[in-house]
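Okay, structure first, notes after.
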Number of protein chains: 2
Amino acid sequence: MNAEKIPDIIITRLPVYLRALQHMADHGVKNTSSQELGEHVGISAAQIRKDISQFGEFGKQGTGYSIPYLLDKLREILKVDRLWDVIIVGAGDMGHALARYQGFTDRGFRVVMIFDNDPAKIGQQIGDLVVEDTANLAEKVQSSDIKIAMLTIPATVAQETTDKLVKAGIKAVLNYAPISLNVPNDVKVQYIDPATHLQKMTYYL
Amino acid sequence: MNAEKIPDIIITRLPVYLRALQHMADHGVKNTSSQELGEHVGISAAQIRKDISQFGEFGKQGTGYSIPYLLDKLREILKVDRLWDVIIVGAGDMGHALARYQGFTDRGFRVVMIFDNDPAKIGQQIGDLVVEDTANLAEKVQSSDIKIAMLTIPATVAQETTDKLVKAGIKAVLNYAPISLNVPNDVKVQYIDPATHLQKMTYYL
DNA sequence: TAGATTGTTAATCGATTAACAATC
DNA sequence: TAGATTGTTAATCGATTAACAATC
C-alpha cells in the first residue's frame with residue numbers, strides 16, 4: 001500500500017472495478033486482464049493498470065489478474081472487507097426503498113436504523129427495522145458509533161439535519177435530497193439526485 | 001452559444017449550478033456572483049465563470065449574474081426548458097419511489113409509464129400510473145417517441161433490457177441496477193448505485 | 001520458447017487556477 | 001468616481017495515453 005496521496009478520481013473508479021469483478025466472480029470467471037476488465041466498465045486498459053498499480057503489484061505479466069485475489073485487495077483498500085452500520089434519515093418512499101434494498105449486505109453495508117420526525121411514521125415497521133424518532137438521532141448515532149448516513153428527507157431540512165449528523169460523529173453522507181450540502185473537510189458527501197443526472201443527459205439529446 | 005465541443009465535465013456541473021440557482025430563486029434572491037454561487041456548490045469562482053462563459057456572456061461586471069436570466073439560459077442549454085417524458089422499467093421498491101417522486105416536474109421531466117414483467121404487478125396502480133407489461137415496452141416507447149428511461153430492475157436482466165430499450169429508440173438511461181451497461185456511442189448512461197457511492201466514501205474513513 | 005500482459009515511464013492531453021484588463 | 005466582478009489569457013497542475021522493457 002502506497003503512502004502517497006491517491007487522486008480522488010481513482011478512488012471513484014475502484015468501486016466500479018470491484019462491482020465488475022464481483023460480477024465476473026459470480027459467473028465463475030477466475031482470471032481477467034486489464035483489457036477485459038476495461039471493456040466491461042468502459043475504461044482504457046492502461047488506465048486500469050495505472051489505477052490498480054497505485055496500491056501494489058496485484059497482477060502477473062502474461063496472465064493478468066486473479067479475480068479472487070484482486071477482489072480481496074480492492075475490498076481491503078476500500079475498507080469494505082468489513083460490515084459498516086449505516087442509518088437512513090427520512091422514512092418516505094425513498095427511505096423505504098433503501099431500507100428494503102437487498103444489495104447492501106454483500107457489499108459492505110448494513111442498515112441498522114431508520115428515522116423520521118413524522119409521528120404517523122414513527123413506530124412503523126419497515127423490513128426488520130422500526131422507524132425511530134429523529135429527536136433521538138444524535139444520541140443513537142453517538143452511542144452506537146455510526147459513521148455513515150443516507151439522507152432521504154426534503155431539501156428544506158437537509159442542511160440542518162446534516163449539521164446534527166456531523167455533530168453526532170457522522171463522517172459520510174449519501175445525500176438523496178436535491179441540494180448541495182456544506183460539511184467540514186473531514187466529512188464526505190456523495191450526491192444522488194435523479195433529476196440532476198437526467199439533466200446532464202438531456203444536454204446531449 | 002458556442003459551436004465547439006464543450007467538455008463533458010462542464011456539462012456535469014451545469015445541473016448543479018441550476019439546482020443551486022433555483023434554490024436561491026425560491027428564496028427570493030435576484031442576483032448572485034460567481035463567488036457566492038461557488039460557495040453554495042463547493043466550486044471555485046474562477047471555474048464557475050469559466051464554465052458559464054463557454055455558452056455566452058451571461059454576467060455583468062460589477063454586479064454578477066441575474067438569477068432569473070441565468071436560470072433561463074442554463075435551462076435552455078441543458079434542454080430542460082421543456083418537459084421530457086420518461087419511463088420507469090421495474091416496479092419494485094425503487095421504481096415505486098421514483099414513480100411517486102414529486103421532484104421531477106419542475107425540473108424538466110414527467111414519468112409517463114412504468115413497466116414490470118411480474119404478472120402480480122402488472123395492472124397495479126402507482127400514483128397516476130398503472131404498471132404495464134414489459135412485453136409491450138418496445139412498442140410503447142417507439143410509438144410515443146420517448147427518449148429517456150430509468151432502470152430499476154435486477155442487475156441480471158439490466159443489459160438485455162437496455163438492448164431492447166436502445167432498439168426502441170431510447171437515448172438516455174438512468175441506471176439503478178448495480179452493473180455497467182454496454183450501449184452505442186449515441187446513447188448516454190448515468191449510474192445510480194448507492195453501494196458504489198458508499199464504497200467510495202469508506203476509503204476515507 | 002513464444003505469446004501475453006503487467007507495471008511504469010515519458011509524452012500528450014485536458015482541466016483548473018491565478019491574475020488582470022475591461023467595464024458595469 | 002470608486003468598488004466590484006466579469007470574461008479571458010497564460011501558467012500551472014493533474015490525468016490519460018502510448019509505448020515498451022520486464023517477466024510470467
Side-chain angles (χ1 to χ4, degrees), chain A residues 1-17 20-21 24 29-74 77 185 200 203, chain B residues 1-17 20-21 24 29-74 77 185 200 203:
Chain A
M1 187 96 48
N2 201 316
E4 282 167 48
K5 193 170 180 336
I6 308 289
D8 185 70
I9 194 151
I10 293 185
I11 305 306
T12 306
R13 286 190 292 258
L14 296 188
V16 177
Y17 302 161
L21 290 164
M24 289 177 183
V29 186
K30 298 271 182 271
N31 294 282
T32 191
S33 63
S34 57
Q35 175 74 34
E36 186 183 50
L37 180 55
E39 278 161 18
H40 267 265
V41 299
I43 290 175
S44 79
Q47 184 157 81
I48 286 180
R49 289 202 302 280
K50 192 125 206 263
D51 285 354
I52 292 174
S53 72
Q54 304 289 309
F55 303 94
E57 308 196 354
F58 301 150
K60 266 207 195 62
Q61 285 102 326
T63 59
Y65 301 92
S66 152
I67 291 180
Y69 182 71
L70 189 51
L71 274 173
D72 270 359
K73 287 298 178 183
L74 285 178
I77 292 162
N185 261 332
K200 182 187 166 178
Y203 173 82
Chain B
M1 185 98 50
N2 200 316
E4 281 166 46
K5 196 173 177 333
I6 308 289
D8 185 69
I9 193 150
I10 292 185
I11 305 305
T12 306
R13 286 190 292 258
L14 295 187
V16 176
Y17 302 161
L21 290 164
M24 290 177 183
V29 187
K30 298 273 182 269
N31 293 280
T32 192
S33 63
S34 57
Q35 175 73 35
E36 187 184 50
L37 181 55
E39 277 162 18
H40 267 266
V41 300
I43 291 175
S44 79
Q47 184 157 82
I48 286 180
R49 289 202 301 280
K50 192 125 206 263
D51 286 355
I52 293 174
S53 71
Q54 304 290 308
F55 303 94
E57 307 197 354
F58 301 151
K60 267 208 197 59
Q61 285 101 327
T63 60
Y65 301 93
S66 152
I67 291 180
Y69 182 71
L70 189 51
L71 275 173
D72 269 359
K73 287 299 178 182
L74 285 177
I77 292 162
N185 261 332
K200 181 186 167 178
Y203 173 81

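Below, chain A is the first sequence line, B the second, and so on; all start at residue 1. Side-chain atoms are counted along with the backbone in the values below, which use heavy atoms only and exclude waters and symmetry mates.
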Q: Please tell me if the side chains of B:L14 and B:I11 come closer than 4.5 Å, counting only heavy atoms from C-beta onward.
A: yes
Q. Considering heavy-atom distances to DNA chain D, does B:S34 or A:G62 have its closest nucleotide positioned more toward the 5' end?
A. B:S34
Q | Nearest atoms (heavy-atom pairs only) where A:F55 meets A:F58 | A | O-CZ, 3.3 Å
Q: For DNA chain D, just give me the dot-bracket, please: Watson-Crick or G-U, both distances below 3.5 Å, ( ) intra-strand, [ ] crossing earlier pairs, | paired with another strand, . unpaired.
A: ..||||||||||||||||||||||
Q: Would you grab the first and last nucleotide of DNA chain D (5' to 3') that comes under 4.0 Å of any non-hydrogen atom in chain A?
A: D:dA15 to D:dC24
**Q.** Heavy-atom pair of closest approach, residues B:S34 and B:I48
**A.** O-CD1, 3.9 Å
(Q) For a quick test of reading the model, state the closest non-hydrogen atom pair linking A:T32 to A:L37 and the distance between them. (A) OG1-N, 3.8 Å
Q.
So, taking the atom named CD in A:E36 and the one named CD in A:E39, what distance separates them when rounded to the nearest 0.5 Å?
A. 7.5 Å
Q: State, to 0.1 Å, how close A:V29 and A:N31 come at their nearest heavy-atom pair, and which atoms those are.
A: CG1-O, 3.4 Å
Q.
Both A:A46 and A:P7 contact DNA chain D. Taking the nearest nucleotide for each, which residue is further toward the 5' end?
A. A:P7
Q) If we only count heavy atoms from C-beta on, is the B:I6 to A:Y203 side-chain gap below 4.5 Å? A) yes
Q: Working to the nearest 0.5 Å, report the span between CG of A:D51 and CZ of A:R13.
A: 4.0 Å
